[in-house]
Each structure stands twice: as C-alpha cells, then as structure tokens.
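Here's the structure, in structure tokens; my notes come after.
Every value quoted in this text rests on a predicted model; they were computed, and no experiment measured them. In what follows, chains are A, B, ... by sequence order, proteins preceding strands, each numbered from 1.
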Protein chains: 2
Amino acid sequence: MPENRLLPGGGPLYIQVRDRVVARIVNGHWLPGNALPSEQQLAAEFGVSQGTLRKALDTLVTENLLLRQQGKGTFVATHTPHRELFHFFHLVSADGMRELPTTSRVLGIELRRATTTENTRLKLSRSASVIHIRRLRELSGKPLIIEDISVPARLFRGLETNGDAPPNALYALYEEVYGVTIRRAVEHLRAVIATAEETKLLNLPSGTPLIEIDRLGEALDGTPVELRLSRCNTQSHTYRSEIE
Amino acid sequence: MPENRLLPGGGPLYIQVRDRVVARIVNGHWLPGNALPSEQQLAAEFGVSQGTLRKALDTLVTENLLLRQQGKGTFVATHTPHRELFHFFHLVSADGMRELPTTSRVLGIELRRATTTENTRLKLSRSASVIHIRRLRELSGKPLIIEDISVPARLFRGLETNGDAPPNALYALYEEVYGVTIRRAVEHLRAVIATAEETKLLNLPSGTPLIEIDRLGEALDGTPVELRLSRCNTQSHTYRSEIE
DNA sequence: AAGTGGTCTAGACCACCAA
DNA sequence: TGGTGGTCTAGACCACTTA
C-alpha cells in the first residue's frame, strides 16, 4: 500500500508546495509586486529542502505568476504596461516592429444588464450586470482597433463612474484598483467585413475586411472576468503568433 | 578573476550539456524517435551529476525537442500527425471542438525558380529553386483552406515527382523522408477578401472575408525551411490562440 | 527483478545586489 | 558585508515499465 510522506494532499511535495504558494497569491496574502520570503525561509516554513522549494517556484515563474531577480528576491508578477503589451497585445506593424497603442479614445462606458452571451461566457448569475466599454485604439497615430469590453459589475464597482476615462493599459487598472489579475486568455479570430459605423471610425473604404478577435480573460483562480471583442484593421499591421 | 570549471564554453554546466545534446540531435547522431542513453549513462558520459543532466534535459522537454516516458526512457520528439495537429494547426470549429483536416487535395506541385519573396524569406542563394505546392484542405467534409507552400528544392530533392501526392501531414514527411524537422514557426494573420478563384474553390459567395496566415517554419538549427500561405474561411471555424 | 525516469535531501559554493 | 537567488553534487528512495 503506497503511503505518502505528507498525509493530506498526496502527490509530489513540490506540487503541494506550489499549490500552497498559489493559494496565498490568490487569496491576497501576497499581493502583486510584493516580495516573497527568501527561499531558505520558505523552505523552512514548508518543511522542505531548498531544492524542492525552488522546483515549486520554478513552475510558477514559467507561468509568469512569479518573477525572480538574482540577488534581490522573488516577487509576485505585476501587469506593467510593458508586460501587458508584449504578452497580451499581438498586433505588430507590417515591417515586423512592435508598436504600442499610444492612445485609446473611449466611445462609451455604461453599466447595464448582461446580455445572454455575456451571461454564459462570463458565468454570471441570472440578472447580473456588466460594465461595458467601447473604445477606439490607435497605432502610429491611426485608429486601428475598435474594442468592446465587458466585465462583471460585481468585481469592478464604480469603474463606469470613476471620473477619469479608463487608461490604455486596462489590466494594470484591474489589478491595482480592483485586485483582479488576468492570468491567461484565450482568443478566437475570424475574418469579417467592417460595418458602416466601423468604416467611419477607422476611416476605411466600405467593404474592408477586418480581423475580429474574441478574447476571454481569466483571473488567477481561473474564473472568466473579461470578455473583449476587438475588430482590427490589418492593412498595415498583422496579428503575430509564435508556435514553439 | 572568475574562472569556470569546464574551461571552454563557459556558462552554467547544464547549459553546456543542453547544447551538446541539441548538437547531437541536429547533426543526426540521435534521430527522431530514437531513445537517448539513460540519464545515469549520459551523466557519466558528460561528467556531471544526474541532477545537472536532468536540468539540461528538462529545458529540451519543455521545448518539445525531447519526450520523457517514465520507466521507458527519453526520446527525440517526432512529428506524429497528432502532434502536428495539436501544435501547428490552430483552426477549431465554432463549437470549440478540435477537428483534424481529413483530406487535402493537391491542386498543383512544381519545381521552379524562387520568387524574390521566397528568396529573402527562406534565405536562399540567388537563382535557387523551390518546390511549390498548392492544395485545398477540408474540415468536416467542406473545403476551408487554400495553402501555398514553398520549400527549398535543395533540401527536398524529388518531392515534386515522388509519385504519390504529398500526404496531409507534411511535417511528418519532411522529417521521415528528408530529415528536416520543423522546430518552431511564426505566423502573421491578416484579413483579406477571397479572390474569384478562391470563392470558386471554397464554394463561397463573392466578397467573403478570409483570414490569411503567413507562416515561416524553422528547422532544428534555426534556418527557415518552409513558407506557407494559408487562406481560410472562418465562417464556421476560428483561429485559436492561447495567452498564458 | 532489473532498468528507467521522478522526487527529495543536505550541504556546498557561486553570482549578484544593496547598504 | 550580508542576504538573495543560481548552480552543482552524491546519494537515497519512489513509481513505472518490461520481461
């Protein structure tokens, strides 16, 4: 009969340690940007060797949940605008250069009842509300993307009336102000024809094809927290995807 | 003055070991599907501990260059149709299910001089030749993708006259017959309007938007070896991309 | 039962950073 | 100078596969 050394939980030690570390991040015991205790301290606290503790942290570092800096410490990852751009923004200019969307003009922001799609995609309760943002993003001075963003009102109370227009880097705002960290996202791309309104906003001839990106963003604990539909002009920019 | 234990090469031991393992795979010392010697043997051969040897192999396993099977051994990864599908084929049906392209009808295959784009993208010498394949791929019985594929003739001698039409899983063929393993690829997506020919082949109304996928595939040593332009009907299928 | 990869330890030393 | 992460070892034992 196989017996485990640490009775409750089972499985490899480093997995158990990893899960306990994740739990502390998810429940806010360690906040984004905070430094973790040193590896020696953590190893002692969890009752494992440094090697095992390191193996646990290794997995979290490759998942971008932790950030290590030699000589300084281990930190909970944060959504800097830079990371948000390189990790979550995939439009690159045709010459291969990466460009940051400099400005985004908010076309509308409102609190309203969730549509049925929003309800099912975001796994909301019946009659829940969402905050919806519609905005126009520019690259190299030209409007290229129209975004429709929906987030559960319950998690982002007051976002629609916060005085200032929401910033370009939304994920940093989610994290800093509302304590919601986007951990991963799944995107589905389709080709569509720009609507009349879109041709006007993006300053395009009618009939121009766009790429529609349907993104569902998940929080640390795996719950879906953001639904984003982007319609992008890909005349001078392309969506870049690497297969390793 | 910092001194390294193994004089030539410098850097961490496990990196040096990793590079030596990669070299053996690249130069064909260990072929795809082959088993490597056991970790103990390799550690002894390289003069490092099992821990260090394992750390070296770990990096290659996460890069999909090696495959470990507990109790059996460590193997050089191969391009099975399954892997090719899950790793390199990103179109999924609208209901989220994954589907394999069952058949591909070859529309044309020829040996010809490289165009200027092919020349620069594939880094060919002047006046080099390529083999070009044009084919139609079906999903759930309907034609959905038109692919234009170009590979250097030098590496794939005779591909255009090999009797049988090239199979669906091209990467497996590249690997088994020509000893060329595709390690990674970069894709750039744009929205386009189907040409008259495409609307006919894909059985679509004129003016239908398609997604164009421009893929450049790299071999084990990093040289570009395949240029592939896919034009996809995304009415019932979407291109899926995960951001972790 | 023998051979393989997978986990874990205790301890050593190195490279980097900040005060 | 002291603390942090990064590397490396030698050896033990576990889990899985094959015969």
Side-chain angles (χ1 to χ4, degrees), chain A residues 1-21 24-25 30 33-78, chain B residues 1-21 24-25 30 33-78:
Chain A
M1 167 184 177
E3 188 88 28
N4 273 300
R5 296 204 21 254
L6 281 157
L7 299 177
L13 264 181
Y14 75 91
I15 298 284
Q16 300 177 36
V17 170
R18 183 200 63 182
D19 291 344
R20 293 175 69 179
V21 171
R24 292 197 188 178
I25 297 173
W30 293 319
N34 284 180
L36 269 59
S38 78
E39 296 185 347
Q40 294 298 347
Q41 288 175 46
L42 274 181
E45 184 182 340
F46 288 128
V48 299
S49 70
Q50 191 214 8
T52 301
L53 188 274
R54 268 189 74 80
K55 190 163 181 178
L57 298 192
D58 280 343
T59 67
L60 299 176
V61 168
T62 60
E63 290 176 30
N64 296 308
L65 210 64
L66 293 180
L67 176 67
R68 276 204 273 239
Q69 288 181 254
Q70 188 173 19
K72 298 182 69 175
T74 304
F75 306 84
V76 181
T78 61
Chain B
M1 167 183 175
E3 189 87 28
N4 274 300
R5 296 203 22 252
L6 281 155
L7 300 178
L13 263 182
Y14 75 92
I15 298 284
Q16 300 177 36
V17 171
R18 183 200 64 183
D19 291 344
R20 293 175 68 179
V21 172
R24 291 198 188 177
I25 298 173
W30 293 319
N34 284 181
L36 268 58
S38 77
E39 296 185 348
Q40 293 300 345
Q41 288 174 47
L42 274 180
E45 183 181 341
F46 289 128
V48 299
S49 70
Q50 190 213 10
T52 301
L53 189 273
R54 269 188 73 79
K55 190 163 181 178
L57 298 192
D58 280 344
T59 66
L60 299 176
V61 169
T62 60
E63 290 176 30
N64 296 307
L65 209 63
L66 292 180
L67 176 68
R68 277 204 272 238
Q69 289 181 255
Q70 189 174 19
K72 298 182 70 176
T74 304
F75 305 84
V76 181
T78 61

Specify the separation, in whole Å, of atom [atom1] of [X] and atom [atom2] of [N].
| X | N | atom1 | atom2 | result |
| --- | --- | --- | --- | --- |
| A/Leu53 | D/dT4 | CG | C1' | 13 Å |
| B/Tyr14 | D/dG5 | OH | P | 16 Å |
| A/Asp58 | D/dC8 | CG | P | 14 Å |
| B/Gln40 | D/dG11 | CD | P | 11 Å |
| B/Phe46 | D/dC8 | CZ | P | 14 Å |
| B/Lys55 | C/dG6 | NZ | C1' | 16 Å |
| B/Glu39 | C/dG3 | CD | P | 16 Å |
| A/Arg54 | C/dC14 | CZ | P | 17 Å |

With sequence neighbours excluded, tell me which residues meet side-chain hydrogen bond (donor to acceptor under 3.5 Å, both in side chains) with B/Thr62.
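B/Thr62: no side-chain hydrogen bond (donor to acceptor under 3.5 Å, both in side chains) contacts found.
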What residues, two or more places apart in sequence or in another chain, satisfy side-chain hydrogen bond (donor to acceptor under 3.5 Å, both in side chains) together with B/Thr52?
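Testing B/Thr52 for side-chain hydrogen bond (donor to acceptor under 3.5 Å, both in side chains), a comparison that skips the adjacent residues, returns B/Ser49.
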Restricting to pairs with a member in residues 11-20 of chain A, which pass salt bridge (Lys or Arg N to Asp or Glu O under 4.0 Å), not counting sequence neighbours?
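Sorted pair list comes back empty.
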Just checking B/Gln50: base, sugar-phosphate only, or nothing, at a heavy-atom cut-off of under 4.0 Å?
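Base contact.
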Intra- and inter-strand pairs of DNA chain C in dot-bracket (Watson-Crick or G-U wobble, both distances under 3.5 Å; | for another strand)
||||||||||||||||||.
Considering only D/dT9, C/dT9, C/dT7, which nucleotide approaches the side chain of A/Ser49 most closely?
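Nearest to the side chain of A/Ser49 among the choices is C/dT9.
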Nearest to the side chain of B/Pro12, heavy atoms from C-beta on, is which of D/dG6, D/dC8, C/dG6?
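Per side-chain heavy atoms of B/Pro12, the pick is D/dC8.
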Please determine if a side-chain N or O atom of [X] lies less than 4.0 Å away from the OP1 or OP2 oxygen of [N].
| X | N | result |
| --- | --- | --- |
| B/Thr52 | D/dT7 | no |
| A/Ser38 | D/dG3 | no |
| B/Arg68 | C/dG6 | yes |
| A/Thr74 | D/dT4 | no |

Just distance, no hydrogens or angles: give the donor-acceptor pairs under 3.5 Å from side chains in residues 35-48 of chain A, sequence neighbours left out.
residue, atom, partner, partner atom, Å
A/Ser38, OG, A/Gln41, N, 3.2
A/Glu39, OE1, A/Gln50, NE2, 3.1
A/Glu39, OE1, A/Arg54, NH1, 3.4
A/Glu39, OE2, A/Arg54, NH1, 2.9
A/Glu39, OE2, A/Arg68, NH1, 3.4
A/Glu45, OE2, A/Arg24, NH1, 3.0
A/Glu45, OE2, A/Arg24, NH2, 2.7

Looking at every heavy atom in both A/Thr78 and A/Gly33, which two are closest together, and how far apart are they?
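Smallest heavy-atom distance, with atoms named: CG2-N, 3.1 Å.
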Pairwise N/O distances under 3.5 Å, protein to nucleotides 17-19 of chain D:
residue, atom, partner, partner atom, Å
D/dT18, OP1, B/Lys72, NZ, 3.2

Taking the nucleotide of DNA chain D with the closest heavy atom to each, which residue, A/Gly51 or A/Gly73, is nearer the 5' end?
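Between the two, 5'-proximity favours A/Gly73.
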Residues in side-chain contact (heavy atoms from CB on, under 4.5 Å) with A/Asn34, at least two apart?
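Checked A/Asn34 against side-chain contact (heavy atoms from CB on, under 4.5 Å); matches are A/Leu31.
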Run the side-chain contact (heavy atoms from CB on, under 4.5 Å) test against B/Ile25 and tell me which residues pass, sequence neighbours left out.
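B/Val21, B/Trp30, B/Leu65, B/Leu66, B/Val76, B/Leu220.
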